[in-house]
Visitor: 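My questions all concern the structure below.
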Amino acid sequence: MHRVKILEYALAALLRRPGKSAAILTAYTLLVTVLCSVLLLTHALKTEAEQLLAEGPELVVQQTLAGRHDLIPERTAATIAAIPGVASVTPRIWGYYYDSLTKANYTLLAADPAASPLELVAGRLPENEGECAVGMGVAAARRIGVNDDLILIDAANVGTIFTVTGVFKAESRLFTEDLVVVPGEALRRFFAIPAGMATDLAVRVHNPGEIETIAAKVKRQLPATRPITRNDLLRTYRAVFDWRGGMMLALFASALLAFCILAWDKATGLNAGERREIGILKAVGWDTGDVLMLKFWEGLALSLLAFLLGYTLAFAMVFHWGVPVLGDVLRGWSVIFPDLHPVPHVDLYQMATLAFLTIVPFVASTVIPAWRAATSDPDEVMRQ
Amino acid sequence: MTALIRLEDVSKTYHPRQADAVPALTGVSLAIAPGEALALRGPSGSGKTTLLSLIGCMARPTSGRVVVAGDEVSKFPEHFLTRIRRRTFGFVFQQYHLIPELSVQDNVMLPLYPEKMGLAEMNRRVGEALESVGLAALAKRRVTRLSGGEQQRTAIARALVNRPQVLIADEPTAHLDSRLSRELLERFAMLKRTGLTLVIASHDPLVCDDPLIDRVVGLRDGRLDGRA
């Protein structure tokens, strides 16, 4: 009852200072929005990478030559397939392609409908020589659609015409945006990959718990290879997005610091009126604890509201408004930036962390300045 | 009769041990009986307000003892002092010290928040207090829209809402004309008849010479003045 009454008084006190309350709320909401946007987007990108990788092979084996990635003989697949626990080994043909016309990198991939988790937004997958399906970014960059021609320069420096049979969609456009899928043999000729060679081998295993063991066995039996597990890829993606998110937060750190100083000095510090009010409350019998509870409720109400508003705004920005500004910085992979629309997802642990990071400092910066006034004799406070 | 409040050789210095230390009271001893109406008389800066603060447990003496209802409160921890202040004393400050953004009834309700009391009871007590000072009709009005006399009556209602044993008033007539001053003294006389102890600091002869006052104590330069 006592706490509820003081909460009521605190809320009324905030409403009695509408200008100041609104200014703090606006500034803090903006700050929380930026912070939450970066963290939500980083988290969403990592989650999507995880979801998409979950569809792919558990293990990819590359050939290395003097430490660089080289073509791998397809016969190596038989050696790997003989390792106990391996379910299948599939040679893959793919490669990066720099398009000087649009100054963008595309990823060219051999069509494999059985292994691909990718869906088409329109048309069909390529089946015949001279056909291809493209990601939305490629379609936009080259201004092409189904039944249009895509001309790419092959290994012999000759223009090759592919007719677009489909445009990709996926749960996320993170991986399909810069994709060009063509039939396997056509891609082999395009890149001049000799028969019996592949870009890498996709390995599926019966028991995911054995991936690391199988990777170790591959490395032992084929020392010139580099087995890359799905966890390795996940770690790389996490590191890349965490690094970008960290960079963004570092850039915002100065703004954050400036706000904190302002908040400490002006917004949440005690002005003469507030100091006097504390003196009056103490004089009429409020305990130090009551005064601190009042300030706690004031700080909590403002920062909780700012957090909820900021989180909602950030959520809308990241998951509905296409992440203006931040998206390009965080997700940038090739020159083609996908118009990313990550799948909406609420992570309660992340939300609790964000709430802790934004609410606790604000409440502390509200309560601590009041502490000195609240622990002084009321006579002293009112004389100041 | 046993004193309700007793000060023994009390001194108060503001900012002690600092270059700008200000001695406000020196060696004051005083006893106040229950139901007594005591006036503290002295010029500005004589230490009246400081003495009221010490009597009302709003400040602690730098030296000496303050005893309230048999307890030496000068050594009490802060939360005990708060409780004594809330249950024993009601204050009417010279500048009223109302919270300007609040209505009359919200200002009067302030001392009741820390009490274990429901909202209905709080409203009833506030209604009673406002009725006793003739302000029931202005309960919802913001205090900044009241006259000086009305603000003072609000301050008195706030001081009485917790049904204290002692009412402390600092220069209560300082901002009132003679008609309102007489009305105020009549109100104080009425409160005294209910058994309330009154401690009033004033240099206004109208107050100090009023028949309601049982005793006048003089203060000069922070010391009791025998000439009063």
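Just so you know, these numbers use all the heavy atoms, side chains as well, and skip hydrogens, waters and symmetry mates. The chains referred to below are lettered A, B, ... by the order of the sequence lines, with proteins before strands, and numbering in each begins at 1.
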Visitor: Please say whether the positively charged group of A:Arg16, taken as NZ for Lys or CZ for Arg, lies over the ring of A:Tyr9, i.e. under 6.0 angstrom from the six-membered ring centre and within 45 degrees of the axis.
Guide: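 Here A:Arg16 passes the 6.0 Å and 45° test against A:Tyr9.
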Visitor: Evaluate side-chain hydrogen bond (donor to acceptor under 3.5 Å, both in side chains) for B:Asn107 paired with B:Thr154, printing each intermediate quantity in order.
Guide: CA-CA 8 Å; B:Asn107 264 290; B:Thr154 305; over 6 Å; no
Visitor: Is the backbone of A:Trp371 close enough, under 3.5 Å, to the side chain of A:Lys295 for a donor and an acceptor to pair up by distance?
Guide: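 Between the backbone of A:Trp371 and the side chain of A:Lys295 there is no qualifying donor-acceptor contact (under 3.5 Å).
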Visitor: Below 4.5 Å from any heavy atom of chain A, which atoms of B:Met109 appear? Answer side chain, backbone, both or neither.
Guide: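 Contact with chain A involves no heavy atom of B:Met109 at all.
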Visitor: Does B:Ser202 offer a backbone N or O that forms a donor-acceptor pair with the side chain of B:Lys48 under 3.5 Å?
Guide: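 A pair under 3.5 Å: no.
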Visitor: For B:Asp170 and B:Thr49, indicate whether the former's side chain and the latter's backbone hold a donor-acceptor pair under 3.5 Å.
Guide: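 Pair absent, no side-chain N/O of B:Asp170 close to backbone of B:Thr49.
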Visitor: Would a distance-only check, ignoring hydrogens and angles, find a side-chain to backbone donor-acceptor pair under 3.5 Å from B:Gln151 to B:Val143?
Guide: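 Yes: the side chain of B:Gln151 pairs with the backbone of B:Val143.
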Visitor: So what's closer than 4.5 Å to chain A heavy atoms on B:Arg158: side chain, backbone, both or neither?
Guide: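 Side chain only.
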Visitor: Given a strict heavy-atom distance threshold of 4.5 Å, which part of B:Leu112 is in contact with chain A: side chain, backbone, both, or neither?
Guide: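 Just its backbone gets close to chain A.
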Visitor: Please say which of B:Leu51, B:Leu30, B:Leu52 ends up in a side chain to side chain contact (heavy atoms under 4.5 Å, CB included) with B:Val199.
Guide: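 Only match with B:Val199 under side chain to side chain contact (heavy atoms under 4.5 Å, CB included): B:Leu52.
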Visitor: Using non-hydrogen atoms only, which part of B:Pro164 is less than 4.5 Å away from chain A: side chain, backbone, both, or neither?
Guide: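 Neither; nothing under 4.5 Å.
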Visitor: Side chain from CB out, backbone as N, CA, C, O: work out which of these in B:Glu78 comes under 4.5 Å of a heavy atom of chain A, or both, or neither.
Guide: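 Side chain only.
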Visitor: Name the option with the most non-hydrogen atom pairs under 4.5 Å to chain A; the candidates are B:Thr82, B:Leu81, B:Asp106.
Guide: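 That would be B:Thr82.
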Visitor: Is chain A contacted by the side chain of B:Leu98, its backbone, both, or neither, given a heavy-atom distance below 4.5 Å?
Guide: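 Just the backbone, heavy atoms under 4.5 Å.
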Visitor: Answer with side chain, backbone, both or neither: which region of A:Asp287 has an atom nearer than 4.5 Å to a non-hydrogen atom of chain B?
Guide: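 Contact with chain B involves both backbone and side-chain atoms of A:Asp287.
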Visitor: B:Phe91 versus chain A, heavy atoms under 4.5 Å apart: side chain, backbone, both or neither?
Guide: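 Just the side chain, heavy atoms under 4.5 Å.
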Visitor: Below 4.5 Å, heavy-atom pairs only: which of B:Ala59, B:Cys57, B:Gly56 has the largest tally toward chain A?
Guide: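 That would be B:Ala59.
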Visitor: How about CZ on B:Arg223, more than 12 heavy atoms from neighbouring residues, nucleotides or ligands closer than 6.0 Å, or not?
Guide: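 At most 12 heavy atoms, drawn from other residues, nucleotides or ligands, come within 6.0 Å of this atom.
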Visitor: Between B:Leu110, B:Val161, B:Leu54, who has the most heavy-atom pairs with chain A when the cutoff is under 4.5 Å?
Guide: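 Option with the top pair count is B:Leu110.
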